[in-house]
Every structure is written in C-alpha cells, then in structure tokens.
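Below, chain A is the first sequence line, B the second, and so on; all start at residue 1. Note: hydrogens, waters and symmetry copies are ignored here, and every other heavy atom, side chains too, is used.
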Protein chains: 2
Amino acid sequence: MLENNHSRPASHQSYEILRDRILNGELPGGSKIVEEKIAADLGVSRTPIRESIRKLEHEGLIVNKRVVKPSEKDLRNMFQVRMLLEGYSAQCAASYLKEHDLQSLHQCVEIGRTGTVEEIMEANERFHEIIVRASNNPVMIDIIDRMSSIIFLFRKTVVFYNRPHLIDEHEQIYQAIKARNGEKADRLMKTHLQADLEFCLHLLGC
Amino acid sequence: MLENNHSRPASHQSYEILRDRILNGELPGGSKIVEEKIAADLGVSRTPIRESIRKLEHEGLIVNKRVVKPSEKDLRNMFQVRMLLEGYSAQCAASYLKEHDLQSLHQCVEIGRTGTVEEIMEANERFHEIIVRASNNPVMIDIIDRMSSIIFLFRKTVVFYNRPHLIDEHEQIYQAIKARNGEKADRLMKTHLQADLEFCLHLLGC
DNA sequence: AATTAAAAAAATGTATACAAATATTACATA
DNA sequence: TATGTAATATTTGTATACATTTTTTTAATT
C-alpha cells in the first residue's frame, strides 16, 4: 500500500516500485504486466498504474505488456550507442575534467581493487557516471540514463563474475583522461565497453 | 471530433493530432497545454488526452505543460548527439549500403538541386533517413527519431532559407559513401551537421 | 486427436465524478 | 503603490463504472 501522505503522486511512487521490482529481478523478463493486478497489489486504482506502465514502456523496461527480455541484438545495439556517446564523453573528460572529479575517478578505481562486491558495483557505475557528466550534455546524459536501466541488469552479472581486466581498463582510461589525451580516452572507453559487452554475451551463452 | 470507427485508439489519434499541431506551428512554443481544453476540442475525455500528452512529454515536445521552446543549448546538445550517431551511420552506409539505396541517395541530391521547396525538404529528410537506417541499429534509429521531431522545427527554416552548400555537402557525403570511404563519410557528415546547426542558430539570432 | 466456433472471462480503453493541488483574483493593509 | 492573504476558480490527480477488444476456455465437428 502506498503512502497517502504528502509524498509524490501515486503514479510516480508506483513507477518507482515497479522499476525496482524489474531491476532487482522480482519481476523477471517476460512477466506479464496486468494493470488491475498491479493496482490491487499496490492498493491504488488503475489510473496511476497505467501512467507508470507507460513510463516504463518508454524507458524500454516494458514491451508489449511484458517485462523486457533484451536479445543479444538489443544489447549489441545499446552498447554501440554507448560506445559512441561514452567515447565522446571520455574525450570531453580529458579536455575538461576538474581535479576534484579526477580524484573521484581515481577513487573508483581504488575501490574496484579493494572494495566489497556492492562497493565495486557502485564504484563502477560512478566511474561511468562521472565521465558521462563530463559531456555536459543533458540530452546525451538522458539517453544513456534511459539505456542504463536495461544495461544495469547486465552490469550486475559482469561484476558478480568479476570480469578480468575490468578495473585495469578503468585505470587506463583514468590515466588517459588525467594525461589529457582525449583521443586515447575515447579509444580505450570504446574497447572497454566492447569487452564488457562480449563478456556479458558470453556469460549469458549468447 | 475524432473518428469513433475502427481506427486507432483515441489516445493515439489525439497524440498524432497534437504532434502535428506542434510541428506545424499551430501550437507554437510556449503554449500552455490544458488537458480539458484539448479534450473538449478533440471531442474526447481527458483520459486519452492525458496519455497523449505524456507521450509528447517523453518525446520532449511538451515540457512543464507547455509546448517546448528549445534553447540554443538544447539544439547544440541534440546536434552533438546527431553528429556522433549519424557520423557512425554514414560509416556504416559506406561499408554496407546496397546499390539500390545508393541510387536513392543520389536521387535525393538531384531533387535537392531541381525540386520545389516541398520536394527538397522531403528529399533532405530522406537523405538522412537512408543513412541512419544503414546503421541497422533500431536503438540508434529510435533515438534520432525522437530528436528529429524537435529538430524538424528547424530543418524547415534551413531549407526555407535555402542554406548555401547544403546540397553540395550532401553530394560530397554521397560520393564518399559510394567510394566506400567510411572515415571520410563520417567526417563529412559531422561537418555537414555542424554547418546546419550554426546556420539555424544564426538565422534565429542565437 | 486436431480444428474450429461459440461462449465466457479477462484485460484494456474511455468517460465521468470527485478530491487534491495550483494558479488567479480580489481585497485589505502597510 | 506595493504586498500579503483569503477566497475563488482552474487544473491536475485518482477512483470508479462501463464499453470494447483480446484472450482463454469450452464444446462440437471432422
């Protein structure tokens, strides 16, 4: 049951709940999404639920009234876009990143070597987030954000299985950015994402 | 009044109507969008109207209950994304485009030199569309599509004022693709979009 | 047993009513 | 005149009812 209180609208609350349930696997890929069921479950009417479902559809997490189950092709396509946008972002980072953010990047690498699984996952996300924000381009950030909810379902796997070289690659990217070598940062980021993708697909037996 | 007939749902019909009205300037940037007004106008209830408004919000055509009025920065950001994605698409086109599509590209250039204003506008869109589709990446195509509704508001201006060299640039891109020179096609596409952007911004006095 | 048609059930689309939140107006006071 | 506040009106958010469409079940026929 949602809070009736002075919180966000029910449509937004239910959006967040559904999103979480999808991302943490509670609603696995392929699950049928039925408005009335969800509404009853969350204790609100169908009206706000519809809205949250539409939002999730737009985000790509729900397709055809079912929780998305991205195909190998889908992932390749999303990673191709990421390579272009994050590669460019890495270039921007090399040109513009301030000392403070550079230090944060370095910290992410450190945590990647010494942290717990949860810490590492968080640091990985942050590493990419810092770089993407360096693009200083909200349109780009938004596109990556939207894809990242789907990609999240995979990064989990990658870190859980502790992909070899992942942190080394981050370190190299960090070094290139620190050395203000944009062209190299771009190239390394693309290679990094390509490796990520292949590792995911391999693990998932694609 | 919408057709009650065996057509698409009212929410979808009203979406398309609203979208058209925004794109053709009938609902100019900054207009307040009020659910009840629109509903009365189109002769349906608020329920389907809400849905279409949400869709337009996702598409970026409505922001804060008002028709979007993109800032210079917004345009720069969108064009930056376009440069990356369409540049890559041009590369793909150079590698993979079939003879038939090559001929279509060439036709677009021809029409660009000889057609009426409407024909030229259409040919311009088609030129880019053929190249984007060469990426063979629905995720990428979708991103560009979503931005293109906003960008459309500008391409109109550019063609109306008949930007110098626009068709020459298309021709050069076409030649690079035909020559299977992906790197050059990429570079030319980026330059082309940059020029488009600057021309738009200049015209609009940004 | 497989295939199809009819019936039933379930789910979605839309209209309407009312509640909650926002914006607007009118008026009082400094 | 400017500013704050109460009253009003407008607009959005949500629940509910019903219509339409889609899916599933059942039964009949080959």
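- Not one side-chain nitrogen or oxygen of B:Arg46 sits closer than 4.0 Å to the OP1 or OP2 atom of D:dA15.
- Checked against D:dA15, C:dA17, C:dT14, the side chain of A:Val44 finds its nearest nucleotide in D:dA15.
- B:Arg66 places its CZ atom 11 Å from the C1' atom of C:dA23, with the value rounded to the nearest Å.
- Counting any heavy atom pair closer than 4.0 Å across all strands shown, B:Lys32 reaches no nucleic acid atom.
- Closest to the side chain of A:Glu35, from the set C:dT14, D:dA15, C:dT12, is C:dT12.
- One interatomic measurement links the two molecules: CD1 of A:Ile62 to C1' of C:dT12, which rounds to 14 Å at whole-angstrom precision.
- One cannot find a donor-acceptor pair under 3.5 Å joining the base of C:dG13 and the side-chain atoms of B:Arg8.
- A cation-pi arrangement is not found for A:Arg76 relative to A:Phe79, the charged atom failing to lie both closer than 6.0 Å to the ring centre and inside a 45° cone about the ring normal.
- Rounded to whole Å, the distance from NE2 on B:His12 to C1' on C:dT12 is 16 Å.
- Across every non-hydrogen atom of A:Ala90 and A:Asp186, the tightest pair is CB-N, 4.2 Å.
- Using the six-membered ring where Trp is involved, B:His58 and A:His58 have ring planes that are parallel, under 30° apart on the 30 and 60° scheme.
- Regarding A:Glu51, its CD atom lies at a distance of 15 Å from the C1' atom of C:dT14, rounded to whole Å.
- With distances taken from any side-chain atom of B:Val34 to the nucleotides C:dG13, D:dT12, C:dT14, the minimum falls on D:dT12.
- B:Arg50 has a side-chain polar atom (N or O) that falls below the 4.0 Å cut-off from OP1 or OP2 of D:dG13.
- Between A:Glu51 and B:Arg54 a salt bridge is recorded (basic side-chain N to carboxylate O distance below 4.0 Å).
- When the side-chain nitrogen and oxygen atoms of A:Thr47 are compared with OP1 and OP2 of D:dT14, none of them lie within a distance under 4.0 Å.
- Note on A:Ile38: nothing from the nucleic acid sits closer than 4.0 angstrom, heavy atoms only.
- Considering only the side chain of A:Lys37, C:dA11 comes nearest among C:dA11, D:dT11, C:dG13.
- Using modelled atom types, one finds a donor on one side chain and an acceptor on the other under 3.5 Å when comparing A:Asp74 with A:Ser71.
- In this structure, the nucleotide among C:dT16, D:dT14, C:dT12 sitting nearest to the side chain of A:Pro9 is D:dT14.
- Distance, A:Ile49 CD1 to C:dG13 P: 15 Å, rounded to whole Å.
- When heavy atoms are screened at a 4.0 angstrom cut-off, A:Ile33 is found touching the sugar-phosphate backbone but no base atom.
- Under 3.5 Å, the side chains of A:Gln91 and A:Tyr96 contain no donor-acceptor pair of N or O atoms.
- In terms of phosphate contacts, B:Ser11 brings a side-chain nitrogen or oxygen within less than 4.0 Å of OP1 or OP2 of C:dT14.
- Atoms CD (A:Glu36) and P (D:dT23) sit 17 Å apart, rounded to a whole Å.
- Considering only side-chain atoms of A:Lys65, the nucleotide from C:dT12, C:dT14, D:dT14 that sits closest is C:dT12.
- One atom, NZ of B:Lys55, and another, C1' of C:dG13, lie 14 Å apart when rounded to the nearest Å.
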